[in-house]
Q: 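First the structure, which I've put down as structure tokens, then a few questions once you've had a look.
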Amino acid sequence: MKRDSTGPQPDASGHFTKLPRSFYIRSSLAVARDLPGLYLFRKSGKTLFAGRIVEVEAYRGTNDPASHAYRGMTPRNEVMFGEGGRLYVYFTYGMHYCCNVVTGAKGDAGAVLIRAVEPLAGIRAMNRRRSAGDGRNRDRRELCSGPGKLCQAFGIGRRENGIDLCGGTIWLARKGGENPPRRIGRSRRIGISSGRKHLWRFFLPDTPFVSR
DNA sequence: TCTATGATCGTA
DNA sequence: ACGATCATAGAG
């Protein structure tokens with residue numbers, strides 16, 4: 001496909017354009033709908049990790065009983081209450097990290113959980129981090145097909161909480177010349193005990209890289 | 001302090 | 001279907 005020379009110019013990662021702050025200063029629902037088909041990047045040392053986002057979930061602030069922000073600000077969820085465009089990472093079940101994109105203006109505690117990506121770059125390192133110790137490689141579909149899995153694969157943990165997604169460590173990007181997905185699947189959110197009725201999970205319907 | 005629970009994952 | 005495993009939040 002031919003590149004439009006009047007459009008956004010490619011950044012250092014190639015023909016990808018980092019999403020601007022304005023992308024995140026919207027409701028979590030609006031951001032969540034737009035994320036499937038976009039790309040997650042992480043620079044760690046000399047390794048570049050990349051994945052195509054295939055599954056996300058929207059969480060609102062104090063009006064969503066499933067949200068960590070439902071009962072107000074705490075030390076854990078405070079980055080959710082900040083301006084959109086930062087990463088909210090939390091630890092759960094005693095062993096897993098999950099990462100969210102914070103959305104909305106300061107004071108609006110919305111966030112979008114990234115649940116699965118299709119691994120595209122850094123796959124050797126992902127396999128190393130995700131191996132059960134026996135050094136064998138996993139099926140590419142099992143590398144990032146869940147919120148805990150993708151954080152492990154990308155090396156996202158406590159230290160990454162609050163990272164500015166408009167910086168050069170972890171960021172989201174659009175691929176030049178690529179159209180939005182034709183169809184986006186919707187369903188109830190997974191693994192929650194309240195707020196079950198809303199269809200706030202968004203995914204690409206035709207990939208094998210979503211969670212189960 | 002003490003206790004219940006969890007935006008999960010791998011194995012059985 | 002279940003256990004691992006522990007930070008967090010809310011209660012006492």
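Naming: A, B, ... by sequence-line order, numbering from 1 per chain. Atom set for the values below is all heavy atoms of this structure, side chains included, hydrogens, waters and symmetry mates excluded.
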Q: Any donor-acceptor pair under 3.5 Å linking the side chain of A/Glu57 with the backbone of A/Ile190?
A: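 Yes, because the side chain of A/Glu57 sits within donor-acceptor range (under 3.5 Å) of the backbone of A/Ile190.
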
Q: Below 30° counts as parallel, above 60° as perpendicular, anything between as tilted: where do the rings of A/His68 and A/Tyr90 land?
A: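 Answer is perpendicular, since the angle exceeds 60°.
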
Q: Using modelled atom types and a 3.5 Å cut-off, is there a donor and acceptor pairing between side-chain atoms of A/Lys18 and backbone atoms of A/Gly167?
A: yes

Q: What pairs of residues pass the side chain to side chain donor-acceptor pair (under 3.5 Å) test when at least one of them lies in residues 24-41 of chain A, not counting sequence neighbours?
A: A/Arg26-A/Asp34, A/Tyr39-A/Glu178

Q: What is the distance, to the nearest angstrom, from the CZ atom on A/Arg129 to the C1' atom on B/dC9?
A: 18 Å

Q: Salt bridge or not between A/Glu55 and A/Arg201? Use side-chain N to carboxylate O under 4.0 Å.
A: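 Salt bridge present between A/Glu55 and A/Arg201.
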
Q: Any base atoms under 4.0 Å from A/Met80, or only sugar-phosphate, or nothing? Heavy atoms, all strands.
A: base

Q: Counting only heavy atoms from other residues, nucleotides and ligands, does the tally under 6.0 Å from CZ of A/Arg186 exceed 12?
A: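 Yes, enclosed.
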
Q: Which is more 5' along DNA chain C, the nucleotide nearest A/His96 or the one nearest A/Arg158? Just name the residue.
A: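 It is A/His96, whose closest nucleotide lies nearer the 5' terminus.
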
Q: Would you sketch DNA chain C in dot-bracket for me? Only Watson-Crick or G-U wobble pairs with both distances under 3.5 Å count, crossing pairs as [ ], other-strand pairs as |, the rest as dots.
A: ||||.||||||.

Q: Between P on B/dT8 and CD1 on A/Ile190, what's the gap in Å once rounded to a whole number?
A: 8 Å

Q: Mind checking if A/Gly94 touches a base, just sugar-phosphate, or nothing, with heavy atoms under 4.0 Å?
A: base

Q: For a quick check of understanding: with a heavy-atom distance under 4.0 Å over all strands, which category does A/Tyr93 fall into, base, sugar-phosphate or nothing?
A: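 Since a base atom lies under 4.0 Å of A/Tyr93, the category is base.
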
Q: What is the distance from CE of A/Met95 to C1' of B/dT5, rounded to the nearest Å?
A: 14 Å

Q: Rounded to whole Å, how long is the line connecting atom CZ of A/Arg189 with atom P of B/dG6?
A: 14 Å

Q: In terms of the nearest nucleotide of DNA chain C, which residue is placed more toward the 5' end: A/Thr92 or A/Thr74?
A: A/Thr92

Q: Within the structure shown, what part of the strands sits under 4.0 Å from A/Arg76 by heavy-atom distance: base, sugar-phosphate, or nothing?
A: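 Here A/Arg76 touches the backbone only, sparing every base.
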
Q: Report yes if at least one side-chain N or O of A/Arg115 is closer than 4.0 Å to OP1 or OP2 of B/dT8; otherwise report no.
A: yes

Q: Within this structure, what is the CZ-to-P distance between A/Arg71 and B/dA7, rounded to whole angstrom?
A: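 Taking atom P of B/dA7 as the reference, CZ of A/Arg71 is at 12 Å.
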
Q: More than 12 non-hydrogen atoms from neighbouring residues, nucleotides or ligands closer than 6.0 Å to CZ on A/Arg141, yes or no?
A: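 For A/Arg141, atom CZ is not crowded (no more than 12 foreign heavy atoms under 6.0 Å).
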
Q: By nearest nucleotide on DNA chain B, pick out whichever of A/Phe91 and A/Gly146 is the more 5' one.
A: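 Whichever sits nearer the 5' end wins; that is A/Phe91.
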
Q: Give me the first and last nucleotide of DNA chain C, going 5' to 3', that has any atom under 4.0 Å from a heavy atom of chain A.
A: C/dA4 to C/dG10

Q: Whole-Å distance between B/dT8 C1' and A/Tyr97 OH?
A: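 Value for this atom pair: 14 Å.
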
Q: With sequence neighbours excluded, what pairs up with A/His96 under the ring pair (Phe, Tyr, Trp, His ring centres under 6.0 Å) test?
A: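 Residues passing ring pair (Phe, Tyr, Trp, His ring centres under 6.0 Å) with A/His96: none at all.
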
Q: If we count only N and O atoms by modelled type, under 3.5 Å, do the side chains of A/Arg130 and A/Gln152 hold a donor and an acceptor together?
A: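 Present: a donor and an acceptor within the cut-off.
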
Q: Using a cut-off of strictly less than 4.0 Å, decide whether A/Arg130 has a side-chain nitrogen or oxygen near OP1 or OP2 of B/dG10.
A: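 Checking A/Arg130 against B/dG10: at least one side-chain N or O falls below 4.0 Å of OP1 or OP2.
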
Q: Could you give all pairs that pass the side chain to side chain donor-acceptor pair (under 3.5 Å) test and reach residues 99-114 of chain A, with sequence neighbours left out?
A: none

Q: For A/Tyr59, is there any backbone N or O sitting under 3.5 Å from a side-chain donor or acceptor partner on A/Arg189?
A: no

Q: Counting only heavy atoms not in A/Tyr70 (residues, nucleotides, ligands), do more than 12 fall under 6.0 Å from its OH?
A: no

Q: Near DNA chain C, under 4.0 Å by heavy atom, which residues of residues 192-203 of chain A?
A: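 Output list: empty, so none.
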
